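Here the structure is laid out as structure tokens; the discussion comes afterwards.
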Amino acid sequence: MKKNLFVVAAGLFISSQLNAQDSTAKSLGEVFVTANRIEQKQRTTGKVVTVIDQATIQRNAGRTVSEIINQQASVFINGANNTLGTNQDVYFRGAVSGNVLILIDGVPVGDASQVNNAFDLNHISTGMVERIEILKGAQSTMWGSDAVAGVINIITKKAGRKKAEVNGLLSYGSYNTLRANAGVGGKLNAFSYNVNYNFTDSKGFSSAQDTTGTKNFDNDGFKQHNFVANLRYDLSKNFSVKGFSNFGQYVNGIDAGAYNDDADNNVTQKNRNNGLSFLYNNKKLSLTLSQNFLTNTRVYLDDSASVGGFAKYSRGSYEGNSSITELSGNYRFIDQLSLVAGVQNLAQNTTQSYKSISVYGPYESALGDSAKANNFSFYASLLATELAGFNVEAGFRINSHSIYGTNATYTFNPSYNIDDKTRVFVNISSGYKIPSLYQLYSEYGNKELKPEATQNYEIGVQSFSADRKNSIRFVAFKRDIKNLIIFYTDMTTYASQYINRDEQHDYGFEVESSIGLGKIGNWTNNFTYIDGEGKNDNVKVKNLFRRPNFSFNSALTLEPIKGLTVMPSFRFISTRLKGAYDPGPTQMPAYYTIDLYTGYQATKNLRVFVDLRNVTDQEYYDVPGYNSRKFNVTGGVSFQF
């Protein structure tokens, strides 16, 4: 049955291609900023960029940021469909978690206390987001460490044009989930502002799967507060100063493990991000000097023996701090030739402790505040655009790390606009990922570690119809990684340590499309194929754990009558290898889900919506032993004045 559904879905997708379509990048004239740190049109770059705009975000108002991103080509977020607060492992073009760089308003927000430096997307509430730009391929030359498979830039809401514009959302749904959002923004002469508060409270469901249905596993709830503020003051025509502040906290219940309940196990997580920027702009030169401070804390507490076994009490505390100082600029020699360059200093430290009491006695471990590192980078990229249809970017980055020394990356990205409707592009670039503080300083740490090194290749074509309502984008890619950092145990001495050893070789392709349906809407599709293998101690292994070879997303967005939006959508995920330490069969089964969103613009300022998820009540698992959401409903109202 599932195989037949996949064939039907693929057939529908291919049939839509024959009519010429559009990706989520709406046209070659659409402007974005993530590709090269400047405002740039799609037609002037060979980078692969997808933009999730505000209209799309509004149609997903009852969902999390992870759920929204999870609908895009080549993205698979493990945990996006589990209980709220579940770890969000972002698999980007098949790369492991931590190999995609998360930005908030262009600032990297990696968590220095994590083993892989990854940022927790649970900290971002949908109501604070203006748009999301997804940049694919190795992007370390412009964005630094962790941009191995791509970059996700989450751009927060900024000031409106009026003195005060108020917006908000209130929704309620399955699992007793309440979401509330309120924001106000505006412009008062030279001063502009936007302040936003988000609240989520959910009773949830059991994180762990009860295979018998008789063990009365408790629900794992989630409660979150999130505050964000954007402030700007124009000192003159050319000079401005901006301030940014974001504070988020959530508490969620967790279980003891796969198929294993725990009634008194929870985690409290806090995220602080504060920054100040000075901007200068004229016709030729733009400069930005910024300083950001990021702090992430996590406290895991299990204070009872409700699950039984040997553990009686455990508490883990983890804090990571990052200071990011950056000076970046763009100089326009002529309209067709620009230089983007900058320097960045990243200073990180972490403190970590763990205590437990069991039948074997107490146990403690700690990582003191001496676990720190400093990373300084210089980057430059020359952009030549619209030269008889040709565009090219060529750049490099020099990186100096306080522990391992120096490394460098480069990018070469030519593209050609065959006409105003079609472009072809090639991207040859390198990337890197620095060792985390845990990998350097923990009891398993190794200060001889080198950064992981990536070589990336892309080739593609994007084409639009004459009226820009239909388009298609095809991209093929290949990624080779050397000096992978692995956790190694000597089977003779049983001593364990992080070392550089393995290789990884991944490849695949993605197709994104949309077809206009007259005046009533459009039909978007994306299809991704990914495969790859590791080379461990000269032995080839299949290791794309938990990552599907095939994924397909399709959505119809229809407005049959004025003010009414109906959006049915379909998602297919192919079989996957289970994780190396996951229970159960080696191969996880394929699954599909069907959703239906309906929204109505009741008045100029008021919109009501109902979002039905997994309407066929499929039972599926992204992580063996942990529940995913069954059929669920969210209804709500949003307003703007």
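Residue numbers count from 1 along this sequence. Predicted model, so just to flag it, every value in this text is computed and none were measured.
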Side-chain donor or acceptor of Asn446 paired with backbone N/O of Tyr498 under 3.5 Å: yes
For Lys578, I'd like to know if atom NZ has over 12 heavy atoms of other residues, nucleotides or ligands within 6.0 Å. yes
Do Met142 and Val151 touch side chain to side chain, with heavy atoms closer than 4.5 Å? no
Residues Arg298, Asp120: salt bridge by 4.0 Å N-O rule: no
Heavy-atom closest pair, residues Gln348 and Ala112: NE2-CB, 3.8 Å
Does atom NZ (Lys478) have a neighbourhood of more than 12 heavy atoms from anything else shown, all under 6.0 Å? yes
NZ/NE/NH1/NH2 to OD/OE distance under 4.0 Å, Glu458 and Lys136: no
Check the angle between the aromatic planes of Phe550 and Tyr529 and answer parallel, tilted or perpendicular using the 30° and 60° thresholds. tilted
For a quick check under 3.5 Å, do Gln72 and Thr50 share a side-chain donor-acceptor pair by atom type? no
Would you find a donor on one side and an acceptor on the other, under 3.5 Å apart, between the side chain of Thr528 and the backbone of Ser74? yes
Test side-chain hydrogen bond (donor to acceptor under 3.5 Å, both in side chains) on Gln269 and Asn271; report intermediate values, then the result. CA-CA 7 Å; Gln269 307 215 35; Asn271 172 66; over 6 Å; no
With distance as the sole criterion, is a donor-acceptor pair present between the side chains of Asp611 and Asn632 under 3.5 Å? no
Strictly by modelled atom types, are Gln139 and Lys47 linked by a side-chain donor-acceptor pair under 3.5 Å? yes
Between Leu544 and Gln504, the two heavy atoms sitting closest are CD2-NE2, 4.0 Å
So, Gln618 versus Thr616: side-chain donor-acceptor pair below 3.5 Å or not? yes
Where is the tightest heavy-atom contact between Asn483 and Asn500, given as atom of each residue plus distance? O-ND2, 2.7 Å
Interatomic spacing from CZ in Phe570 to CG in Asn525 - rounded to 0.5 Å: 11.0 Å
Quick check: closest heavy atoms across Asn399 and Ser377, and the distance to 0.1 Å? OD1-OG, 2.5 Å
Is it possible for you to check whether Arg37 lies under 6.0 Å from the centre of the six-membered ring of Trp143, through NZ or CZ, and within 45° of that ring's axis? yes
Report yes or no: does Asn70 contribute a side-chain atom to a donor-acceptor pair with the main-chain N or O of Ala80 at less than 3.5 Å? no
Quick one: does Gln462's side chain have a donor or acceptor within less than 3.5 Å of a partner on Ile472's backbone? no
Just say parallel, tilted or perpendicular for the rings of Phe487 and Tyr444, cut-offs at 30° and 60°. perpendicular
Enter the distance from Thr593:OG1 to Asn81:CG here, rounded to the nearest 0.5 Å. 7.0 Å
Rounded to the nearest 0.5 Å, what's the gap from CD on Glu619 to CG on Asn627? Could you check? 8.0 Å
Is the number of heavy atoms from other residues, nucleotides or ligands under 6.0 Å of Glu39 CD greater than 12? no
Can you check whether Trp523 reaches Ser554 side chain to side chain, under 4.5 Å on heavy atoms? yes
For Tyr91, is the NZ or CZ atom of Arg546 found under 6.0 angstrom from the centre of its six-membered ring and inside 45 degrees of the ring axis? no
Residue pair Asp622, Tyr591: steps toward the side-chain hydrogen bond (donor to acceptor under 3.5 Å, both in side chains) verdict: CA-CA 10 Å; Asp622 285 334; Tyr591 68 85; 2.7 Å; yes
Does some side-chain heavy atom of Tyr592 sit less than 4.5 Å from a side-chain heavy atom of Ile573? no
With a 4.5 Å cut-off on side-chain heavy atoms, are Asp146 and Pro108 touching? no
Donor-acceptor pair, Gln114 side chain versus Phe119 backbone, under 3.5 Å? no
If we ignore hydrogens and angles and just use 3.5 Å, is the side chain of Arg479 paired with the main-chain N or O of Gln455 as donor and acceptor? no
Please tabulate, one pair per line, all N/O donor-acceptor pairs under 3.5 Å involving side-chain atoms of residues 123-131, not counting sequence neighbours.
unit_1	atom_1	unit_2	atom_2	d
Thr126	OG1	Arg63	O	2.6
Arg131	NE	Glu133	OE2	2.9
Arg131	NH2	Glu133	OE2	3.0

Report yes if the side chains of Thr454 and Tyr432 come closer than 4.5 Å at any heavy-atom pair, otherwise no. no
Taking it one step at a time, do Asn391 and Thr385 satisfy side-chain hydrogen bond (donor to acceptor under 3.5 Å, both in side chains)? CA-CA 4 Å; Asn391 311 283; Thr385 60; 4.9 Å; no
Please check if any side-chain donor atom of Ser574 sits under 3.5 Å from a side-chain acceptor atom of Asn549, or the reverse. no
Rounded distance (nearest 0.5 Å) linking atom CD1 of Ile481 with atom NZ of Lys535: 15.0 Å
Donor-acceptor under 3.5 Å (Asn116 side chain, Ser97 main chain): yes
Without swapping roles, check the side chain of Tyr410 against the backbone of Thr141 for a donor-acceptor pair under 3.5 Å. no
Would you kindly say whether Ser514 and Asn522 are connected by a side-chain donor-acceptor distance under 3.5 Å? yes
Could you tell me whether a side-chain N or O of Asn536 sits under 3.5 Å from a main-chain N or O of Val539, the two making a donor and an acceptor? no
Just verifying a value: how many Å separate Asn117 CG and Ile102 CD1, rounded to the nearest 0.5 Å? 11.0 Å
Result of checking Ser338, Ser415, Ser429, Ser381 against Glu393 for side chain to side chain donor-acceptor pair (under 3.5 Å): Ser381
Which heavy atom in Leu135 sits nearest to a heavy atom in Thr34, and how many Å separate them? CD2-O, 3.6 Å
Regarding Lys542 and Asp531, does a basic nitrogen lie under 4.0 Å from an acidic carboxylate oxygen? yes
Is any side-chain heavy atom of Phe76 less than 4.5 Å from a side-chain heavy atom of Ser551? no
Any sub-3.5 Å donor-acceptor pair from Glu326's side-chain atoms to Ser290's backbone N or O? no
Tell me, do Asn427 and Phe477 make a side-chain contact under 4.5 Å, heavy atoms counted? no
Nearest-0.5 Å distance, NZ of residue Lys421 to OG of residue Ser463: 8.0 Å
Looking at side-chain heavy atoms only, is the closest gap between Ile154 and Leu121 below 4.5 Å? yes
What heavy-atom pair brings Tyr379 and Ser328 nearest, and what distance separates the two atoms? OH-CB, 3.2 Å
